J.: 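Let me begin by handing over the structure; questions about it come next.
Letters A, B, ... are given to chains in the order of the sequence lines, protein chains preceding strands, and every chain is numbered from 1. Remember, predicted model here, so these are calculated numbers, not experimental data.
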Amino acid sequence: GSTRRTGRILALAEHPDGTTFVAAEGGLFSVSPEVEDLDPVELSGEAPAGKPVGIRAGRNKRLWVATDEAFGCVDTTQFFGRSFAASDGLPEGPYLGLGSDESGALLLGTSRGVYRYLPDQGPPPEFEILEVSELPGGDEEYLPDMVYDLYSTGRVRLRLQGIAEGGARYLYRHRERPHWHRLDARSPVISCLGPGRHTLEIVALDRDLRRSPPRSIRVRVPYPFVLSKAFLFPTALGLALAIFFGFVWMAHHSRGGVRTYARAGLSAFLMLVLVLQVLAGLFAGGRAWPFVGFPMHSEKYGEGSQIEEPLLVGVLADGSRIPVEPRDGGLGSRGTWQALVPLLYDGAGLRRQFLDAYNARHPERPLAGFIVQVRRHRLTKRGPVAVAPIVYRVHPEELSGDGR
Amino acid sequence: MTGAEKGYWPRFWFAETPLTRLAAFRILILVVALADVLFQSATVLADAGALGSDGGLSRPWHPIFLFELLGLEPIGLASCQWLLVFLIGALCLGIFGLFTRLACLLSLVLFVFWTGLAHSFGTPAYDKVAVCFALMTLPLAPAGARLSLDAIITRFRRAGVGADQGPPGGSPFAAFPLRLTQITVCLGYFFSATAKLASSGVGWANGYTLQGILISHPGDWSALISQNLLLCQMLGIGILAVQLTFPLVLVLPVTRWFYLPAVLLLHLGSWKTLDTGTTMAQWLTLAAFLPLERIPSLLLEGPRRAFWIPAVILSGAFVVWILSLYYPPWTGLFLVPLVLALIIAALPGTRIALVHDGSCGFCRRALAVALALDWTRRIEALDVRDWKQVRDRFPELDEQACIRDMHAVDARQKVSAGYSAYRSLAWRLPLTSLFAWILYLPPVIKRGERIYRRLAGGRVTRERGKKPRAPEQRATGKSATKKKKKSSTRKAGQKKPAAKKPAAKKPAAKKKPGSRKAGRQKTSPRKQRAPRRPRQAPSSSPPAARRRSESPIAEDRHSA
């Protein structure tokens with residue numbers, strides 16, 4: 001990420017969650033009442049390219065963007081998007097601006113006139129997972145309750161069939177993580193899965209970024225052969241015996257007594273532990289506890305890097321906001337995504353359950369709702385600068401005025 | 001020393017190390033483990049309780065590699081609660097030193113499993129790695145040879161058969177637990193630095209990295225430090241340098257003066273900036289680098305007491321303060337004996353000499369227990385069989401009275417005997433001083449004296465079945481003193497010759513005039529001669545060597 005100048009400001013759009021987007025000569029920016037600085041928005045995926053000429057806030061975490069050469073929709077949590085094509089009825093550019101009418105329809109200004117588009121028409125997207133392939137046992141039909149064993153490379157290919165306005169696009173995420181990743185519609189491959197069990201959720205998107213109900217697939221990635229039981233146990237045993245007999249031979253050679261042999265045994269144990277510790281340190285990772293690598297805080301930042309921190313904010317009945325710890329509502333971890341993800345995706349029932357649990361614990365200060373958001377900072381020479389937070393979820397939705 | 005023992009490896013791992021240091025380290029590690037288990041218990045039990053609930057508020061299970069290898073699955077709430085009970089029990093047994101090796105082994109297994117459960121539900125932490133490896137070595141080492149109930153019981157038993165010489169000062173098997181902990185700590189810091197360099201290069205210390213790390217965490221000082229890019233840059237360079245070069249403490253012990261405070265500041269800084277918690281489990285293992293057994297002497301007798309006393313007090317107060325943030329106040333009661341020990345050692349006139357009958361099994365056992373509990377080394381033990389030494393020190397004492405009852409002489413030369421002597425002793429032992437006032441209550445005095453008389457009067461000597469005669473039955477004639485003199489000059493290890501059959505009566509030897517020493521009475525005929533004293537328990541060392549002045553701490557030639 002980097003800072004950039006706005007240039008001339010062309011349009012503003014205030015999103016119901018409080019974020020204001022700015023379309024300017026320098027690109028798209030965001031700002032909110034809590035911060036002083038505008039933050040550039042980096043679009044990704046099939047988001048409209050070009051210089052923005054008009055923006056309009058949409059429902060359900062969407063932002064409609066018109067640039068001089070494209071028109072489309074952008075998700076306001078991760079800023080991926082989709083652009084309309086001529087086959088969608090999009091007139092030729094260049095485009096001059098974007099507005100809306102009272103019915104919620106979008107008005108796209110072109111050199112030939114104004115075109116009207118009403119979003120969210122037609123059925124929502126749907127899709128099926130037909131087949132799971134690149135498995136050790138060959139391709140298999142998809143079954144929702146099945147756990148598929150993959151190769152240790154952590155890669156799986158899916159065969160999907162979807163129906164969506166403007167053609168289906170797909171996203172996937174790990175069930176315990178908040179962020180979605182693109183899945184190539186022509187070649188839907190999920191890769192780089194680490195050893196262990198994974199539950200992946202997949203959704204289909206239409207051109208209005210409406211989502212289908214999610215479908216889950218459970219996979220299991222084995223450890224590489226060098227970390228498998230079949231290799232580790234005999235190797236470790238062989239290594240231990242070799243070290244042990246080495247020390248015993250030295251003890252025998254030195255013609256020592258019982259103590260010398262006892263030291264030989266202990267020396268073998270110590271040498272083995274040291275070898276494992278060094279190996280664990282070289283191949284960093286924390287899940288080999290107590291033989292762990294130490295990769296914490298090894299990431300590097302530079303000027304302009306963006307730092308994100310998930311937060312849970314409670315909303316009181318009078319509208320004021322207070323910080324809330326997830327564990328106060330029964331969520332087992334501190335304010336990390338692992339604790340907050342269920343509040344994002346696990347249904348309204350769980351969100352109500354969390355509120356009830358919190359209010360039972362704090363009857364003197366009951367919450368009317370909560371907001372899951374990401375607090376952000378940009379690193380600069382003058383210190384970290386707060387920029388507009390990203391709101392992931394508001395519960396209940398009436399609090400934000402942004403309903404689904 | 002054999003050729004192999006002269007090598008670097010045996011000198012590094014198996015140098016003669018004071019057993020007290022290992023014992024103090026054992027207690028510290030087990031207390032740290034216990035504190036951590038209690039701290040984690042709410043989380044682990046909550047995860048266990050949520051297991052299997054329908055879509056409830058629970059965390060996903062991502063087993064650690066060890067659990068995957070062994071095929072271990074999460075356990076339910078009831079099993080978790082029993083696990084916690086056994087773990088706490090094993091840790092407490094290890095702390096108090098009962099069945100020490102077994103307790104340490106059980107603590108290790110259960111602690112690894114308990115922590116593995118916590119890591120499998122959440123994110124693995126790194127602050128308990130050194131504790132775990134320390135626990136791995138304790139069952140293999142003589143960790144219970146000192147500061148333990150096992151040691152007291154062993155001394156008690158050995159004193160009963162007259163074999164107690166006090167435990168050895170050091171052992172070559174006392175070094176390796178400390179060494180392994182030191183190396184684990186060094187590897188932890190070293191690989192932290194190498195991971196940063198491997199992942200980000202030296203650019204990790206550009207200042208922005210630390211700025212970004214700090215701002216990601218809501219610590220008390222995060223915002224303040226992250227505003228200053230230059231400060232972040234300097235701290236980043238310092239962190240890398242200290243972590244990368246920390247292993248120098250193994251080869252240059254003098255560098256510990258710098259590195260130990262440096263990493264301690266690093267952990268405290270991360271507590272205040274990254275909100276990591278105190279990571280006490282990590283930095284308390286730095287005690288593996290310290291000669292713990294020297295701390296009492298540094299405080300009480302060392303030339304730089306003016307520095308060490310406030311340093312230790314402040315350090316202890318800091319640890320207590322941190323504990324008070326997370327644990328209920330009553331846990332501080334465990335520190336009371338330590339505080340009492342310091343008070344006893346600091347007060348003038350707390351030294352006491354105990355004159356006991358070394359031939360009496362009861363006295364030896366009682367003395368062995370007292371010496372084992374004498375953390376501050378206030379007790380000096382004198383054997384009445386070496387009467388010359390006792391008389392030179394305390395001419396006012398009567399030998400027969402000392403044989404009959406244990407005598408105590410305090411620093412003000414006040415003499416107490418029997419029950420009163422034990423009562424005087426109770427004030428000087430940290431574990432009993434708090435309750436010594438009970439011994440002054442009249443009902444307790446009566447009962448105590450009665451019990452004492454029964455025990456002292458029924459003492460059984462080494463010669464089974466023979467009870468010592470009452471003092472008024474013992475002759476105080478020349479022959480008695482002569483025989484006594486003979487026995488006291490017997491060399492160590494020599495057994496008393498077997499009783500001979502009565503020889504034919506010999507004519508009395510003519511004595512030279514003036515040969516009789518002044519004050520001695522003429523010996524009476526044989527039939528009036530006092531009976532032979534009961535055979536004394538053979539001792540492997542001369543009575544004079546029983547004095548408490550022996551230092552239980554061997555000189556640490558190779559500091560671990």
J.: For Ser267(A), is it the side chain, the backbone, both or neither that has a heavy atom under 4.5 Å from a heavy atom of chain B?
T.: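 Both the backbone and the side chain of Ser267(A) come within 4.5 Å of chain B.
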J.: Assess whether a salt bridge exists between Glu309(A) and Arg375(A), defined as any Lys/Arg side-chain N lying under 4.0 Å from an Asp/Glu carboxylate O.
T.: yes
J.: With a 4.5 angstrom heavy-atom cut-off, could you sort out which part of Phe133(B) is near chain A: side chain, backbone, both or neither?
T.: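 Contact with chain A involves the side chain of Phe133(B) alone.
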J.: Please determine, among Arg197(A), Arg382(A), Lys381(A), the option with the most heavy-atom pairs under 4.5 Å with chain B.
T.: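 The answer is Lys381(A).
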J.: Let me know if Thr184(B) has heavy atoms under 4.5 Å from chain A in its side chain, its backbone, both or neither.
T.: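 Both backbone and side chain of Thr184(B) come within 4.5 Å of chain A.
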J.: Side-chain contact test, heavy atoms from C-beta onward, threshold under 4.5 Å: evaluate it for Phe370(A) versus Val313(A) and give yes or no.
T.: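 No, their side chains stay 4.5 Å or more apart.
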J.: Taking every non-hydrogen pair under 4.5 Å, which of Leu210(B), Leu230(B), Thr194(B), Leu180(B) racks up the most with chain A?
T.: Leu180(B)
J.: Let me know if Val278(A) has heavy atoms under 4.5 Å from chain B in its side chain, its backbone, both or neither.
T.: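 Both parts, backbone and side chain.
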J.: Under the 3.5 angstrom rule, does the side chain of Ser298(A) hit a backbone N or O of Ala195(B) as a donor-acceptor pair?
T.: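 Flag not set: sc Ser298(A) to bb Ala195(B) has no pair under 3.5 Å.
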J.: Quick one: what part of Pro172(B) sits under 4.5 Å from any heavy atom of chain A, side chain, backbone, both or neither?
T.: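 Side chain only.
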J.: Between Asp36(B) and Lys128(B), is there a salt bridge with N-O shorter than 4.0 Å?
T.: yes
J.: Is Phe190(B) in contact with chain A via its backbone, its side chain, both, or neither, using a 4.5 Å heavy-atom distance?
T.: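 Neither the backbone nor the side chain of Phe190(B) comes within 4.5 Å of chain A.
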J.: Just so I understand: if I count every heavy-atom pair under 4.5 Å between each of Gly383(A), Gly347(A), Ala262(A), Gly196(A) and chain B, which residue has the most?
T.: Gly383(A)
J.: Quick check: His267(B) with Tyr189(B) (ring centres under 6.0 Å apart)?
T.: yes
J.: Between Leu69(B) and chain A, which part of the residue has a heavy atom less than 4.5 Å away: side chain, backbone, both or neither?
T.: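 Contact with chain A: backbone and side chain both.
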J.: Between Trp249(A) and His253(A), does the ring centre distance come in under 6.0 Å?
T.: yes
J.: Answer yes or no: is there a side-chain heavy-atom contact under 4.5 Å between Leu140(B) and Phe176(B)?
T.: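 They are in contact (side-chain heavy atoms under 4.5 Å apart), so the answer is yes.
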J.: For Lys196(B) and Gln243(B), run side-chain hydrogen bond (donor to acceptor under 3.5 Å, both in side chains): C-alpha distance rounded to whole Å, both residues' side-chain angles, the deciding distance at 0.1 Å, then the answer.
T.: CA-CA 10 Å; Lys196(B) 293 177 177 72; Gln243(B) 288 185 331; 3.3 Å; yes
J.: Let's test your reading of the structure: which of Leu197(B), Leu214(B), Thr115(B), Asn228(B) forms the most heavy-atom pairs below 4.5 Å with chain A?
T.: Thr115(B)
